[in-house]
Every structure is written in C-alpha cells, then in structure tokens.
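When a ligand or atom number is given, it counts from 1 through the structure's own listing order.
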Amino acid sequence: MKMMLNIYCGCFAMRGMQDWEGDEMKKLYFGSNLKMYKTIRETAEYLGELAKRTKDIDRNEMELFIIPSYTSLAEAAKTVEPHLVKLGAQNMCWEEKGQFTGEISPLMLKELGIELVMVGHSERRHVFHESDEEENRKVRCVLEQGMKALLCIGETAKEKEYSTSAETLRTQLKVGLYKVSEKWIPDIRIAYEPVWSIGVNGTPASAGYAQRMHRMIKQTLIEVFGEAGGKIPVLYGGSVNLQNAEELIVQPDIDGLFVGRAAWDAEPFDRLIRRAMCAHRGRSC
Ligand code: PGA
C-alpha cells in the first residue's frame, strides 16, 4: 500500500485502468532503440522472441516498442504483430521527397507500416550535431504524417555540473515542440535521457534525480500545452538495467523505461519489464 500511495502521489500521469482497490493505474511504456546493432536476421529473431515472451502481458497496461535500424524495418514489420510490439524508426527527414541524399522520408516509413519515429536521440544531437530547430521540423512532420513522435531530450555532464539541466531540458522541449498543436498530444512521447547516463561509459541517474527532472519536464509540458500536456508519457532512459528498473518505475512522474543495452536480448528485457510492472503495482513477483 505504501508503494501504491507513492505511485498515486504522481499527479499527472493517470490514465486508463483501475487496480484491485478501484484506483486508477497508469499505463507503462517500455521501449528499446537498437542503435547500429543487429542484422536483419538478428532483429527478426529478437523481435519474434520478445513478442512470444511478452504476449501474455495485457497491452492496455503497457506499450512495448522497438526501434531497429532502417535496413531491418521491412523484415521486422513482417515478423511482429503491431499490437504486441510497435515498431519505430531511429530518425527521419522532415520532407516527403526531394534532393536529400542519404535521408529517409516519412512516406517510406509509412509504406512499411511504421508507427513511431524517434527524434533527437542524444547520439543524433551530439555525434551528428542536430539542432533543436531540426528536431522541431522532424517532430512536426512525424505528427502531420500520422505517426507518433518520440522526442528525446537530455542534458550533458557539463550542463549538470553548471546546474543548468533545467534550462537545457526546457529549451529542448519548448523548441522541439514549437508550433505543435495540442491535438497531437496523444501521439507524443518524451524520453528523458541524460547524456552522461547513456552507454558503456554512462552512470545511471539516481531515481531521485530522475524523478525531479521528470517532474520539471511534466510542468514544462503543461506550460506548453495546458493541463492536457501532463498526459504525455515521459520515459526515463540511460543505463536502465535489471537492478535499477524497479526504483525508477515507482517514481510518480516516470511513465516508462527506454532501455538500451539491457534490452537487446529478449529474455532479460522480458524479465526487466515484468519486474518493473510488479514494482509499479506494489506486488512482489
Ligand atoms: P543504454 O542506452 O541503456 O545502453 O545506456 C540508452 C539509450 O541510448 O537510449
């Protein structure tokens, strides 16, 4: 019950179902970006295995999405049923067609039945130097094309050191969502991934720090869209693993986990999801 109370203190993310006490339970979101890993065959095997392992979990209670490389998307779309695993693309051009060598158009993704497009992953921002303005053009295009946009935001270690994390995150949100109409709210997801927490050299954010940032992100979303902005799911990402998934997911303003390395094998990812869902419900599993 104590954990339940902790969960229900979260004032923003309530939607959907009721638990056994008649209180509302929020839907949880779990996803993974496969980055530049896995061949077509490996992706298909992984997706098949993940769908099989997780198919008994009620999709009204959780949404599961995987973001493979472009070259695997066509085969991936043939492999999994979309209600079990939603497929996303790692990036997209903001134009439908044109002289954009090396880019992928929203029409090409829609042709494959892709539902979600990730925009502004830390590696796009910091390795490929994408700007907030570019992310905004992409977010608007994704939504106008009828797909869901997963906007990734996160501060660098230096910004954290200077105590300017809030400024960075608020700018990334406000520019990234500039001129996005509130009618698109159901199609927006945010992933908060501190740059210093991502990858082999990353340190996971503490649950307390992540919660404080998530609270601020939700407040900014309300500022941008009005009260309805508080319904946008905000996922935490950055060195999520089997050890820290539970303490992160029970935070009132964390609506899901965006997992890299710890999700790239179906069996431990399935375990992580179940562990997090049990913790969220205040049950031991
Ligand atoms: P990680 O990756 O979980 O391996 O740190 C997270 C990400 O880049 O999305």
Side-chain angles (χ1 to χ4, degrees), residues 28-38 42-43 46-47 50 62-70 72-73 76 85-92 116-130 135 138-139 142 148-157 159-160 165 168-169 172-173 176 188-207 209-211 213-214 217 233-249 251 254-276:
L28 298 182
Y29 295 78
F30 296 93
S32 184
N33 161 25
L34 303 187
K35 305 193 182 185
M36 202 172 70
Y37 293 102
K38 294 194 192 289
E42 287 165 348
T43 304
Y46 166 74
L47 287 170
L50 188 63
M62 73 106 175
E63 182 174 299
L64 177 58
F65 63 89
I66 300 295
I67 309 182
S69 67
Y70 284 135
S72 299
L73 282 177
V85 183
K86 300 200 181 304
L87 292 174
Q90 296 182 11
N91 189 16
M92 192 192 85
L116 175 89
V117 181
M118 177 169 64
V119 173
H121 185 273
S122 163
E123 288 146 21
R124 296 302 318 169
R125 292 178 186 268
H126 298 285
V127 183
F128 298 99
H129 308 292
E130 289 183 8
E135 313 308 8
K138 293 181 189 190
V139 166
V142 170
K148 296 187 191 326
L150 174 70
L151 175 65
C152 303
I153 59 171
E155 81 282 10
T156 62
E159 288 158 346
K160 180 168 181 273
S165 304
T168 301
L169 298 176
Q172 290 176 346
L173 282 173
I188 303 170
R189 281 114 182 75
I190 304 293
Y192 167 56
E193 300 197 282
V195 178
W196 45 269
S197 74
I198 294 175
V200 277
N201 298 317
T203 345
S206 70
Y209 182 84
Q211 163 56 24
M213 294 300 120
H214 275 244
I217 290 165
V234 184
L235 288 70
Y236 171 80
S239 295
V240 176
N241 56 40
L242 270 164
Q243 284 67 51
N244 61 18
E246 290 161 294
E247 56 178 0
L248 287 163
I249 203 67
Q251 300 305 317
I254 296 184
D255 305 316
L257 301 173
F258 193 33
V259 192
R261 290 154 296 153
W264 296 340
D265 283 318
E267 188 272 325
F269 190 29
D270 170 52
R271 241 182 320 138
L272 186 153
I273 293 169
R274 288 174 195 278
R275 216 177 251 194

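- Scanning for ring-ring contact (aromatic ring centres under 6.0 Å, His included) contacts around H214 gives Y192, with sequence neighbours left out.
- When all heavy atoms are compared, the tightest approach of E246 to L242 is OE1-O, 4.5 Å.
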Pairwise, report which nitrogen or oxygen atoms of ligand 1 are under 3.5 angstrom from protein nitrogen or oxygen atoms, and how far apart they are.
residue: ligand 1; atom: 3 (O); partner: S239; partner atom: N; Å: 3.4
residue: ligand 1; atom: 3 (O); partner: G260; partner atom: N; Å: 2.9
residue: ligand 1; atom: 4 (O); partner: R261; partner atom: N; Å: 3.0
residue: ligand 1; atom: 4 (O); partner: R261; partner atom: NE; Å: 2.6
residue: ligand 1; atom: 4 (O); partner: R261; partner atom: NH2; Å: 3.4
residue: ligand 1; atom: 5 (O); partner: G199; partner atom: N; Å: 2.8
residue: ligand 1; atom: 5 (O); partner: S239; partner atom: N; Å: 2.9
residue: ligand 1; atom: 5 (O); partner: R261; partner atom: NH2; Å: 3.0
residue: ligand 1; atom: 8 (O); partner: K35; partner atom: NZ; Å: 2.7
residue: ligand 1; atom: 8 (O); partner: H121; partner atom: NE2; Å: 2.9
residue: ligand 1; atom: 9 (O); partner: H121; partner atom: NE2; Å: 3.4
residue: ligand 1; atom: 9 (O); partner: E193; partner atom: OE1; Å: 3.4
residue: ligand 1; atom: 9 (O); partner: E193; partner atom: OE2; Å: 2.6

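- Within the 4.5 Å cutoff, side-chain heavy atoms of L28 are placed close to those of I249.
- Ion pairing between E123 and K35 holds under the 4.0 Å rule for side-chain N and carboxylate O.
- The local environment of OH in Y37 is sparse, with at most 12 non-hydrogen atoms from other residues, nucleotides or ligands closer than 6.0 Å.
- Under 3.5 Å, the side chains of Y209 and S165 contain a donor-acceptor pair of N or O atoms.
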